[in-house]
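Within every chain, numbering begins at 1; the chains are lettered A, B, ... in the order of the sequence lines, protein sequences first and strands thereafter.
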2 protein chains.
Amino acid sequence: MNLEQVARRAKVSTATVSRVLNNASVVKTSTRARVVKAIEELKYHPNLHARNLAGGKSRTIGMIVSNMENPFFFDIYKTVESDAHVAGFEVVMANTDYRSEQLVASIRLMIGRRVAGLAAVVSEMEPALIEELTDSGIPVVFYDVGTPRQNITNIRVDYRRGIDKIIDYLYSLGHRKLGFVGHHAMLGPINERVKPVLDAVARYPGLEVRTAADADTLDGGRLAARALLLSGEQPTAIVCVNDIMAVGALRELRERGIRVPQDVSVTGFDNVKLSEFCYPALTTVHIPRDTIGHLICDTLLAKSGKTAVADHEMVIDPEFVLRDSTGPAPGR
Amino acid sequence: MNLEQVARRAKVSTATVSRVLNNASVVKTSTRARVVKAIEELKYHPNLHARNLAGGKSRTIGMIVSNMENPFFFDIYKTVESDAHVAGFEVVMANTDYRSEQLVASIRLMIGRRVAGLAAVVSEMEPALIEELTDSGIPVVFYDVGTPRQNITNIRVDYRRGIDKIIDYLYSLGHRKLGFVGHHAMLGPINERVKPVLDAVARYPGLEVRTAADADTLDGGRLAARALLLSGEQPTAIVCVNDIMAVGALRELRERGIRVPQDVSVTGFDNVKLSEFCYPALTTVHIPRDTIGHLICDTLLAKSGKTAVADHEMVIDPEFVLRDSTGPAPGR
DNA sequence: AATGGCCATGTAAACGCTATCACCTGTCCT
DNA sequence: AGGACAGGTGATAGCGTTTACATGGCCATT
């Protein structure tokens with residue numbers, strides 16, 4: 001089951017078998033045929049660990065995401081994987097579920113695997129970990145977190161602009177009492193996701209917002225919406241941190257007999273496929289996951305190859321998408 | 001960045017460092033402390049490839065799924081991963097997207113990685129591949145495909161019973177013209193998924209069914225439903241191969257102004273979380289993904305350990321779940 | 001004081017590959 | 001005829017670990 005046995009059977013040296021395996025074209029056709037035959041007869045599968053060890057290089061890129069359950073992350077993963085395959089790379093994925101111990105474990109794992117590049121599409125990242133990654137020398141792309149460094153490239157979405165577009169629109173429809181549904185990963189005094197909402201709200205006279213947070217799932221969205229509805233005055237619009245939670249909110253409203261958008265408007269974020277399929281279809285903001293995926297791959301593969309790609313930081317401007325879940329504030 | 005450097009720095013041999021890394025308790029506390037210090041100072045991360053090579057064992061289990069986009073697969077993955085972590089194993093996932101070349105590549109990859117166990121949750125599997133896996137000696141669990149062998153365990157869902165329950169119910173509500181929405185992976189003369197539908201239909205006098213197939217996605221469901229609606233007489237009920245496609249179908253009906261369930265009933269399969277959150281909530285059949293995940297892990301981890309678990313084949317009986325997407329046939 | 005054991009550690013041989021270098025044939029030149 | 005050269009192949013030294021096996025203290029036993 002190893003090179004040597006194949007070599008013996010094909011009556012060549014292990015070096016030659018290795019050449020055949022790696023498509024080095026120097027092997028004579030007849031020899032190659034003998035080797036291939038031996039490989040098949042023995043059902044030989046090269047040991048990837050040995051290969052990586054000996055070769056020193058990895059042809060694998062790692063990707064760490066916060067919550068694969070949210071199609072947003074999967075969409076990115078999918079385009080990264082497909083780009084990577086084209087370039088002859090594999091990608092191994094790790095899901096942290098927003099747990100920071102899991103993040104640490106995943107990063108260590110990826111370093112241990114000596115991946116050729118690492119994409120971290122996660123919402124939180126401690127400085128110590130960033131340090132660890134910097135020192136590892138592995139090319140890294142962060143999405144939405146951290147700052148550019150030596151071997152670290154950043155891709156971020158102008159979340160603030162997206163929120164502004166949503167709030168502008170809702171304000172223009174007469175909404176004055178807003179609710180914001182976020183997820184737990186964004187708790188804390190001043191959060192990347194909540195702050196823009198608060199700031200946008202502050203720009204308009206008479207505009208108010210209350211926030212609630214829960215898990216980044218359908219159920220979480222539902223629960224957060226319920227919390228909003230149960231505490232204080234009913235908002236006329238609920239702004240959600242992403243589409244999944246918005247779909248959860250939609251259900252809570254429906255079951256309470258609150259009509260969307262007649263009684264309450266709801267907005268999502270990301271423009272995940274599901275946002276078109278839920279009822280009513282979500283007004284949301286489009287984040288181009290495919291672009292993000294391509295950017296990640298280009299960066300990682302270019303770095304592991306020759307020169308650095310464009311810049312160390314790129315920001316994406318999201319686009320407003322109007323659908324059926326929003327309408328004029330009631331009584332207007 | 002390797003064992004030797006750490007050893008040098010801690011003034012011990014590489015063997016001792018290795019012992020520290022592997023928690024062998026024979027190391028004197030003071031020595032251990034020195035080594036740990038050196039490891040941290042050097043930010044040393046053991047090379048997993050070298051480890052696997054030298055150790056011969058892998059502590060990684062592989063999982064291959066057809067379509068990670070469908071939450072059904074993700075749910076299984078998630079419980080497998082969590083069980084595996086508890087046992088100190090990693091899991092690497094591969095997504096085939098229903099492409100058989102990709103399946104072949106993924107299997108080869110897993111064998112190359114010398115995984116400690118492999119879960120194949122895919123819809124098609126050529127005999128040659130099964131052969132390859134058998135020979136590899138890796139413990140394998142198949143979901144819904146193949147037959148038990150030497151090192152192969154099977155888990156299957158009694159799909160037929162699930163379908164029977166759905167069709168019985170629809171028939172009792174007066175439905176006589178059915179539509180079936182399937183996905184491409186199940187094309188071909190007699191299919192595992194279509195056959196039970198045809199058989200069930202054949203049992204009832206006056207019951208008819210037309211089928212359509214498309215991709216296993218929200219869009220696919222929508223398109224397949226459209227095909228059903230556009231060709232021939234409008235069915236009074238649409239049975240879908242899974243929840244995702246059913247949600248797609250729901251949208252198509254909604255946009256055509258066809259009311260569910262007043263005009264047309266719709267059923268799903270799997271009882272994915274989304275089936276509660278779509279509108280109307282889907283009548284479906286529950287497949288316990290967590291049970292499947294546990295079964296997979298138990299089997300794989302037990303095998304790689306000591307004795308074999310229970311049997312070589314286990315079948316799961318799905319449960320009918322009544323919600324709002326089904327009702328009496330129109331005019332009855 | 002010599003013997004035996006047991007702990008803690010060191011030495012070195014795998015593990016299965018890749019990659020460098022050396023070697024051997026022939027060809028083709030001069 | 002004698003080299004230079006190139007294409008094809010073999011030998012072998014790593015790659016970074018783990019894991020026997022060997023070694024050396026040190027204490028308890030006789």
Side-chain angles (χ1 to χ4, degrees), chain A residues 1-36 38-39 42-60 88 108-116 136-138, chain B residues 1-36 38-39 42-60 88 90 108-109 111-116 136-138:
Chain A
M1 41 143 82
N2 60 10
L3 258 201
E4 199 177 328
Q5 304 195 25
V6 175
R8 204 148 41 211
R9 179 159 192 132
K11 305 227 182 284
V12 295
S13 70
T14 61
T16 297
V17 179
S18 175
R19 287 185 189 104
V20 170
L21 252 34
N22 295 285
N23 285 323
S25 44
V26 284
V27 186
K28 209 186 344 184
T29 320
S30 62
T31 312
R32 174 186 300 272
R34 273 209 329 278
V35 173
V36 169
I39 288 177
L42 295 174
K43 309 196 195 245
Y44 165 74
H45 295 268
N47 182 320
L48 261 28
H49 300 299
R51 234 200 246 243
N52 285 337
L53 222 212
K57 51 174 183 231
S58 163
R59 295 204 89 66
T60 294
R108 299 257 164 87
L109 188 62
M110 294 299 182
I111 297 181
R113 281 175 178 152
R114 301 292 189 269
V115 292
S136 77
I138 297 176
Chain B
M1 39 144 82
N2 60 9
L3 258 200
E4 199 178 329
Q5 304 196 23
V6 175
R8 203 148 42 209
R9 179 160 193 133
K11 305 231 185 278
V12 296
S13 71
T14 60
T16 299
V17 179
S18 175
R19 287 192 265 263
V20 170
L21 253 35
N22 295 286
N23 286 323
S25 45
V26 283
V27 186
K28 208 185 346 182
T29 319
S30 62
T31 313
R32 175 188 300 272
R34 274 207 332 274
V35 172
V36 169
I39 288 177
L42 295 174
K43 307 192 195 250
Y44 164 75
H45 296 267
N47 183 320
L48 261 28
H49 300 299
R51 229 190 240 243
N52 284 337
L53 220 213
K57 60 197 173 203
S58 164
R59 296 206 86 66
T60 294
E90 295 301 326
R108 300 256 165 88
L109 188 62
I111 296 180
R113 280 174 177 153
R114 301 292 189 267
V115 292
S136 76
I138 297 175

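- Under the salt bridge (Lys or Arg N to Asp or Glu O under 4.0 Å) criterion, B/Arg9 pairs with B/Glu41, not counting sequence neighbours.
- With hydrogens and angles ignored, the 3.5 Å screen pairs no side-chain donor or acceptor of B/Arg19 with any backbone N or O of B/Val26.
- For the helix from C/dA1-D/dT30 to C/dT30-D/dA1, the axis fitted to the five pairs at one end and the axis fitted to the five pairs at the other end meet at an angle of 50° (nearest 10 degrees).
- With rounding to whole Å, B/Arg113 atom CZ is found 24 Å from C/dC15 atom P.
- Nearest nucleotide to the side chain of A/Leu3, out of C/dG10, D/dT17, C/dC17: C/dC17.
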Pairwise N/O distances under 3.5 Å, protein to nucleotides 19-25 of chain D:
from, atom 1, to, atom 2, distance (Å)
D/dT19, OP1, B/Lys57, NZ, 3.4

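- Atom-to-atom distance recorded for A/Leu21:CG and A/Arg51:CZ is 5.0 Å, nearest 0.5 angstrom.
- Checked against side-chain hydrogen bond (donor to acceptor under 3.5 Å, both in side chains), B/Asn47 has no partners two or more places apart in sequence or in another chain.
- Listed nucleotides C/dT9, D/dC15, D/dT17 differ in distance to B/Val26; the shortest reach to its side chain belongs to C/dT9.
- Checking B/Ala50 against A/Val17, the closest nucleotide of DNA chain C that is more toward the 5' end is the one next to B/Ala50.
- For the atom pair CG of A/Leu3 and OG1 of A/Thr16, the computed distance is 10.5 Å after rounding to the nearest 0.5 Å.
- Between the C1' atom of C/dG16 and the CZ atom of B/Arg114 lies a distance of 9 Å, rounded to the nearest Å.
- Comparing atom distances between the B/Thr31 side chain and each of C/dT9, C/dC17, C/dC15 picks out C/dT9 as nearest.
- In this structure, the CD atom of A/Glu4 is 10 Å from the P atom of C/dC17, given to the nearest Å.
- Residue B/Lys11 contributes atom NZ, which lies 12 Å from atom P of C/dG10 at whole-angstrom precision.
- If you take CZ of A/Arg8 and C1' of C/dG16, they are 13 Å apart, rounded to a whole angstrom.
- C/dG16 atom P lies 7 Å from atom CG of B/Leu53, rounded to whole Å.
- Atom NE2 in B/His49 sits about 11 Å away from atom P in D/dT17, given to the nearest Å.
- Nearest heavy-atom pair, A/Ala7 versus A/Ser13, reported as atom, atom and distance to 0.1 Å: CB-C, 3.7 Å.
- The backbone N or O of A/Ile111 sits nowhere less than 3.5 Å from a side-chain atom of A/Ser136 that would complete a donor-acceptor pair.
- B/Arg108 meets the salt bridge (Lys or Arg N to Asp or Glu O under 4.0 Å) test with B/Glu132; sequence neighbours excluded.
- Scored by the side-chain hydrogen bond (donor to acceptor under 3.5 Å, both in side chains) test, B/Thr60 finds no partners at all (sequence neighbours excluded).
- Using a 4.0 Å cut-off, no side-chain N or O of B/Asn47 falls inside it from OP1 or OP2 of D/dG16.
- Rounded to whole Å, the distance from CE on A/Met1 to P on C/dC15 is 11 Å.
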